[in-house]
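Each remark here refers to the structure printed beneath this line.
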Number of protein chains: 2
Amino acid sequence: MVDVAVDLVVLTIRGGELCTLLIRRGVAPHKGRWALPGGFVLADEDLAAAAGRELREETGVASVAGHLEQLRTYGAPRRDPRGRVVSVAYLALLPDLPVPTAGSDAAVAHWRPAHTATRLAFDHDTILRDGIERASAKLEYTSLAAAFCPPEFTIAELRAVYEAVWGTDLDPRNFHRKATTTDGFVKATGRRRAQAAGRPAELFQRGDAEVLYPPLLRPR
Amino acid sequence: MVDVAVDLVVLTIRGGELCTLLIRRGVAPHKGRWALPGGFVLADEDLAAAAGRELREETGVASVAGHLEQLRTYGAPRRDPRGRVVSVAYLALLPDLPVPTAGSDAAVAHWRPAHTATRLAFDHDTILRDGIERASAKLEYTSLAAAFCPPEFTIAELRAVYEAVWGTDLDPRNFHRKATTTDGFVKATGRRRAQAAGRPAELFQRGDAEVLYPPLLRPR
DNA sequence: AAAATAGTGTCTATTAGACAGTATGCC
DNA sequence: GGCATACTGTCTAATAGACACTATTTT
């Protein structure tokens with residue numbers, strides 16, 4: 001008999017950088033260390049429901065926008081000094097929210113750059129790494145990048161998602177062509193949005209396709 | 001507090017068909033139904049170790065050849081009528097073995113066609129479906145197809161893996177070119193193997209690359 | 001007009017898909 | 001020789017990457 005927890009890798013794009021939600025632990029073990037948000041699964045609760053509940057409690061997000069999927073399960077016998085805890089990690093992708101750190105929990109959540117976040121509690125370094133790698137891979141062959149964007153977004157915003165997650169620059173012209181011609185990726189709204197300067201960009205919504213074919217591969 | 005189990009989606013190619021290892025349950029619940037092999041994780045046992053142990057017990061395979069990876073965790077509150085059981089599913093890919101059903105367990109394992117296997121115990125229909133989908137997807141962008149083959153194999157055998165898993169025919173000439181020119185996919189041994197008829201095929205080993213770039217995409 | 005950002009068009013290299021043709025074995 | 005399978009070469013269409021150029025806004 002073991003305890004089952006869910007841990008959350010919550011990713012968003014803030015200021016052109018991939019960020020993850022971390023909480024500072026107020027109690028032992030690993031008191032004072034940064035950790036992924038999470039908690040124990042309730043007696044009669046589904047795993048995905050527990051992940052959604054923790055996400056709401058930590059971020060205040062209804063999670064209607066964005067995306068939540070199971071990442072991987074971590075169950076090394078001594079990963080938690082309190083005893084045997086098997087943790088089912090979930091990956092959440094969210095648009096940059098106006099209320100990112102409003103936690104009803106005692107511990108307040110903070111956004112931290114995801115690529116450099118390290119020395120986390122438990123095995124959360126590994127879980128975070130796995131989450132970033134999953135997100136990077138899924139941007140290639142799914143339309144999931146739009147989960148980082150508000151309901152209506154410009155092609156430049158969509159490109160910024162790829163650039164932040166992959167840590168590379170992409171050619172704006174070629175990206176525009178790929179995004180707008182790949183079937184089901186984005187849907188034109190006809191509306192436009194004015195920037196600080198320059199020609200106003202057309203606004204798009206997420207398309208119907210889950211899978212991009214052909215995929216949008218990372219440059220090697 | 002819940003029980004944690006591992007369930008195994010064990011896949012191989014037999015007679016040009018994708019097959020999965022199933023056991024007939026001898027005890028309630030779901031007595032007499034077909035089910036994925038699996039069992040409970042021991043008190044101080046790592047999840048991957050438990051999966052490897054179950055694989056050995058059910059198949060007698062040392063699992064040195066082949067491939068074993070975590071698939072996904074299934075934890076719906078009422079998925080097991082005995083109580084709360086969270087199951088961490090693993091996916092194993094094996095070459096067609098001379099001793100496939102030698103089980104030291106009371107229940108004997110049998111190979112069954114994977115694509116048509118259905119009406120399994122618990123939520124094992126879903127787990128098997130997810131395992132097949134994972135294998136199909138990973139053939140596209142990894143060199144994992146070789147895990148289905150013996151240490152030395154012909155390009156035709158490698159192609160048969162793709163055709164069995166994807167359920168499609170591939171052009172032998174184009175596949176040969178793709179397999180032999182994609183960096184790190186296969187390594188020539190210089191040896192040949194005589195068939196029943198026709199020119200003997202060159203024997204290859206698995207290459208160093210984990211990831212295929214560019215990928216070998218399923219036809220749509 | 002200058003600057004800035006959005007978007008289109010064009011050229012080239014690479015790759016996938018179709019398939020003719022050649023190589024090398026067994027009967 | 002006939003047949004079967006392995007392998008190579010060639011043509012064409014689609015796609016990615018590089019980048020010139022046009023469009024539409026603010027200052």
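By convention in this document, chain letters (A, B, ...) are assigned in the order of the sequence lines, proteins followed by strands, and residues within each chain are numbered from 1. Quick caveat, the model's predicted, so the values are computed rather than measured.
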Here the pair of heavy atoms bringing Leu128(B) nearest to Ala114(B) is CD2-O, 3.9 Å
Rounded to whole Å, the CG-P distance (Asp171(B) to dT10(D)) equals 17 Å
Short question: side chain of Glu140(B), backbone of Arg218(B) - any donor-acceptor pair under 3.5 Å?
yes
*Which part of the nucleic acid, if any, lies within reach of Ala194(B) when heavy atoms closer than 4.0 Å are counted: base, sugar-phosphate only, or nothing?*
nothing
Sorted by position of nearest nucleotide on DNA chain D, 5' first, the leading residue of Gly198(A) and Gly198(B) is Gly198(B)
Sorted by chain and number, sequence neighbours left out, side-chain contact (heavy atoms from CB on, under 4.5 Å) with Thr118(B) holds for Asp125(B)
Check: Gln70(A) main-chain N/O paired with Arg134(A) side-chain donor or acceptor under 3.5 Å
yes
**Message:** Under 6.0 Å from the ring centre and within 45 degrees of the ring axis: does the NZ or CZ of Arg119(A) meet both conditions for the six-membered ring of Trp34(A)?
**Reply:** no
### Task
Would you check if the side chain of Thr182(A) reaches a backbone N or O of Leu212(A) as a donor-acceptor pair within less than 3.5 Å?
no
The salt bridge (charged side-chain N to carboxylate O under 4.0 Å, His left out) partner of Arg193(B) among Glu152(B), Glu202(B), Glu157(B) is Glu157(B)
Expected list for residues 137-170 of chain A near DNA chain D, using heavy atoms below 4.0 Å, is none
In numerical order, the residues of residues 199-220 of chain A whose heavy atoms come under 4.0 Å of DNA chain D are Arg199(A), Pro200(A), Pro215(A)
Residue set satisfying ring-ring contact (aromatic ring centres under 6.0 Å, His included) with Phe122(A), at least two apart, ordered chain then number -> His30(A), His124(A)
Under 3.5 Å, is there a donor-acceptor pair between the side chain of Thr154(B) and the main chain of Ala201(B)?
-> no
Applying ring-ring contact (aromatic ring centres under 6.0 Å, His included) to Phe175(B) and not counting sequence neighbours gives Tyr162(B)
Sorted by number, residues from residues 172-179 of chain B placing a heavy atom under 4.0 Å from DNA chain D are Arg173(B), His176(B), Arg177(B)
